[in-house]
Participant: 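Supplied in structure tokens, the structure appears directly below.
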Amino acid sequence: MKYMVAVDGSSHAQKALQMAYRFVGEGDELVILSVGNFQSNRLREFFDEAGVAEAKTKALAGVEKLVNETMEHAQSRGIAKVTGKAELGHPRTVIVELAEKENVDMIIMGARGLGAVERLVIGSVSDYVMKHANADVLIAKGDIPVESEVIVDDE
Amino acid sequence: MHILVAVDGSEASAKAFERACALATPRSKLTLLAVTEGAVASADMDLAAGCAEADYFVIPDSARAEDRKRTEKLLASLAHKCSERNITVNSLTCEGDPRAIICDSAEHLHVDLVVVGRRGMGQAARLVVGSVSEYVTRHAPCSVLTVKH
């Protein structure tokens, strides 16, 4: 099976990663995706082209750093087939389109992200992906179960 | 991990069940939850059936009994599939609004993951007020997996 986890550095994304670790098994593939919400048109109101290009490079570097760190974490958990995708754009569209392009079986993501309003039970990106993705979608929230320890019988 | 699967005899929920079984490990526990309609159903739940004018409609006892029998058969067959795969399984039937019941059950049974089938994305599906999978994804106290058709 091919799993894709969408991360953004938030605690919610951490939950998604924890859930992924519970399910990804031998032979499964894990794609780590992070999408930097970069909209050049807005920036053009304040900066010239050179400024926008610089901002874009910095944004992508930040996203790549997060993806690489997450990949290392996944590999340290023993997952063999891990790939990373660092993208810039509209997170909700990129997540759905990339999942389709990569033939992902299941997208795992947090209920909310970094920028979300606390009182929302589910953020707009997760809501959109849940409705439009062509894959199964797991929204991670609440308490994530930890791998239970072996309980030694008291004789 | 305690996984709750909402089943209703539909193809979508059959896929959800398959997915839940695929994710279960020898240490997981599966709870199959079937929700049937109660004696009085809110018209909100079934606009497509043309009941928009009444506030509610009453379901005759005979229909409910048939529903219950059909549900019991479904649960038995699914539980059997679980046993064949050595998956620990519980079955539960409730009457009423599936959205609220699934979420309440997830809370009371300390479920770690709810698995539901996703409705098809066609126009007709959109007419029904509030899809079950969307409501559950928003309101369940735990993670929710929506399985595509």
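The chains referred to below are lettered A, B, ... by the order of the sequence lines, with proteins before strands, and numbering in each begins at 1. Because the structure is predicted, anything quoted here is derived from the model rather than measured.
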Participant: Is a side-chain donor-acceptor pair under 3.5 Å present for A/Y128 with A/H90?
Facilitator: no

Participant: Hey, which of A/D143, A/I107, A/N134, A/D105 has the most heavy atom pairs under 4.5 Å with chain B?
Facilitator: A/N134

Participant: Between B/E134 and B/R118, does any NZ, NE, NH1 or NH2 come within less than 4.0 Å of an OD or OE carboxylate oxygen?
Facilitator: no

Participant: Please look at A/A111 and chain B and tell me whether the side chain, the backbone, both or neither of the residue comes under 4.5 angstrom of a heavy atom of that chain.
Facilitator: neither

Participant: Do we see a donor-acceptor contact under 3.5 Å between the side chains of B/E84 and B/H80?
Facilitator: yes

Participant: Closer than 4.0 angstrom, basic N to acidic O: yes or no for B/K73 and B/E66?
Facilitator: no

Participant: Which one of A/P145, A/A16, A/G110 has the most heavy-atom pairs closer than 4.5 Å to chain B?
Facilitator: A/P145

Participant: Highest number of heavy-atom pairs under 4.5 Å with chain A: which of B/T146, B/T25, B/D112?
Facilitator: B/T146

Participant: Please walk me through it: do B/L33 and B/I102 pass side chain to side chain contact (heavy atoms under 4.5 Å, CB included)?
Facilitator: CA-CA 8 Å; B/L33 172 63; B/I102 293 168; 3.9 Å; yes

Participant: Between A/D127, A/I139, A/I122, which residue shows the highest count of heavy-atom pairs closer than 4.5 Å to chain B?
Facilitator: A/I139

Participant: For A/L138, is it the side chain, the backbone, both, or neither that has a heavy atom closer than 4.5 Å to a heavy atom of chain B?
Facilitator: both

Participant: Could you have a look at B/L113, B/V115, B/V114, B/T137 and say which one has the most heavy-atom pairs with chain A under 4.5 angstrom?
Facilitator: B/T137

Participant: Around atom CD of A/E26, are there more than 12 heavy atoms of other residues, nucleotides or ligands at under 6.0 Å?
Facilitator: no

Participant: Quick check on A/M19 against chain B: is it the side chain, the backbone, both or neither that has a heavy atom closer than 4.5 Å?
Facilitator: side chain

Participant: Measure distances from A/I144 to the heavy atoms of chain B and classify the residue's part below 4.5 Å as side chain, backbone, both or neither.
Facilitator: side chain

Participant: Can any side-chain N or O of A/S34 pair as donor or acceptor with the backbone N or O of A/L66 at less than 3.5 Å?
Facilitator: no

